[in-house]
Amino acid sequence: MNSCPSTDQIRKTFLDFFASKDHLILPSYSLIPENDPTLLLVGAGMAPLKPYFTGERRPPHPRIATCQKCLRTPDIGQVGYTGRHATFFEMLGNFSFGDYFKEQAIIWSWEFVTEILQLSRERLWISIYREDEESFEIWSREIGIAEERIVRLGDEDNFWEIGPGPCGPCSEIYYDLGPEKGCGKPGCTLGCDCDRYLEVWNLVFTQFCREADGSLTNLKKTGIDTGAGLERLAMAMQGVTSLYEIDLISPIFKHFAAL
Ligand code: GLY
């Protein structure tokens, strides 16, 4: 891929990559959830696919990939204060329903960011759920990430859920925008509120169901749910440090600034 692709090219490249890995490519679902009274708006690629993870409905294919329109209400308070939060955004995702799991998801995500997008390995960092030794082994031994670049985080950052339903521990890929974007505080690392480490892709190892009473039960089949922020990948690829500067958003921003 060329060194400064458009956001449209990145979207297409992601979907083509997962089509080549036997994923069924579906169009985005509506931003308004259908038959899900637990969500006001769709805030993740997996939200419209919940019944496929729980086994309530049979997916049209065990592997799916989408680019989903999203609006994440818990992030609204941060929009405008950081360079990485948006109201509306697009989420790239690959999903497995009882098919591949942790190892394959990690291998493909790394192949995509380093070989297809050719992001600099020197800028990439990994987070894992603090007790997830299996992910640690895959990232360090199979992929070859230096141990000091694999950061263990807790429930707040690395256990993923969106209302009741399928959920699980996750592992994330971060892109370092450079010390000049950091807060400079001691201990600034992945998960810090500042703009230095940009989370570009979240890999969720879907194995639990959050019940309405708050308890966790095991899903009958494990799955994979990933979410990569399209506009954030575009930031990394286009060498800008705010999503307002990417090719898709900057003309809109400039138009309103002129008005
Ligand atoms: N479902 C994974 C994410 O939205 O980050």
Side-chain angles (χ1 to χ4, degrees), residues 11 14-15 18 23 26 28-31 33 36 38-54 59 63-76 78-79 82 84-102 104-106 108-110 112-113 125-129 132 135 151 153-175 190-191 197-210 216 219 221-236 243:
R11 186 193 300 103
F14 179 93
L15 296 174
F18 281 101
H23 286 64
L26 294 182
S28 174
Y29 291 79
S30 167
L31 195 58
D36 187 350
T38 69
L39 293 176
L40 183 64
L41 294 161
V42 168
M46 65 77 74
L49 308 174
K50 281 182 181 181
Y52 298 152
F53 285 106
T54 56
R63 302 175 182 184
I64 285 177
T66 61
C67 179
Q68 174 64 45
K69 302 177 183 103
C70 290
L71 201 157
R72 197 165 273 196
T73 46
D75 285 349
I76 292 293
Q78 287 175 282
V79 174
T82 75
R84 65 188 192 280
H85 288 98
T87 49
F88 174 83
F89 65 100
E90 295 178 63
M91 182 176 286
L92 301 166
N94 55 294
F95 308 96
S96 151
F97 310 102
D99 193 63
Y100 63 88
F101 195 46
K102 210 174 269 196
Q104 188 63 80
I106 290 175
W108 280 338
S109 67
W110 194 248
F112 185 73
V113 292
W125 288 68
I126 302 299
S127 74
I128 58 169
Y129 188 61
D132 187 356
S135 289
V151 178
L153 298 173
D155 286 342
E156 200 184 319
D157 292 286
N158 279 55
F159 189 93
W160 200 85
E161 53 192 305
I162 189 166
C167 58
C170 55
S171 178
E172 299 162 318
I173 302 178
Y174 284 75
Y175 184 79
L190 313 192
Y197 295 100
L198 179 68
E199 180 204 324
V200 290
W201 202 343
N202 186 16
L203 317 177
V204 185
F205 311 125
T206 310
Q207 57 200 93
F208 301 116
C209 186
R210 180 73 70 189
L216 274 185
L219 286 173
K221 290 181 180 171
T222 58
I224 288 295
D225 147 31
T226 84
L230 174 65
E231 296 82 355
R232 291 186 181 185
L233 282 179
M235 282 169 67
L243 51 79

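Atoms within each ligand, like the ligands themselves, are counted from 1 in listed order.
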Do Ser135 and Asp132 have side-chain N/O donor and acceptor atoms under 3.5 Å apart? yes

Side-chain donor-acceptor contact under 3.5 Å, Ser127 with Glu172: yes

Write none if no such pair exists; otherwise list each N/O atom of ligand 1 with its protein N/O partner under 3.5 Å and the distance.
{"residue": "ligand 1", "atom": "1 (N)", "partner": "Asp225", "partner atom": "OD1", "Å": "2.9"}
{"residue": "ligand 1", "atom": "1 (N)", "partner": "Asp225", "partner atom": "OD2", "Å": "2.9"}
{"residue": "ligand 1", "atom": "4 (O)", "partner": "Arg72", "partner atom": "NH2", "Å": "2.8"}
{"residue": "ligand 1", "atom": "5 (O)", "partner": "Trp160", "partner atom": "NE1", "Å": "3.4"}
{"residue": "ligand 1", "atom": "5 (O)", "partner": "Asn202", "partner atom": "ND2", "Å": "3.0"}

Residue list, salt bridge (charged side-chain N to carboxylate O under 4.0 Å, His left out) with Asp157, at least two apart or on another chain: none

For Glu161, check salt bridge (charged side-chain N to carboxylate O under 4.0 Å, His left out) against everything at least two apart and list the hits. Arg210

Name all residues meeting the ring pair (Phe, Tyr, Trp, His ring centres under 6.0 Å) criterion together with Phe205; count only those two or more places apart in sequence or in a different chain, and write none if there are none. none

Are Tyr174 and Tyr197 near enough that their ring centres are under 6.0 Å apart? no

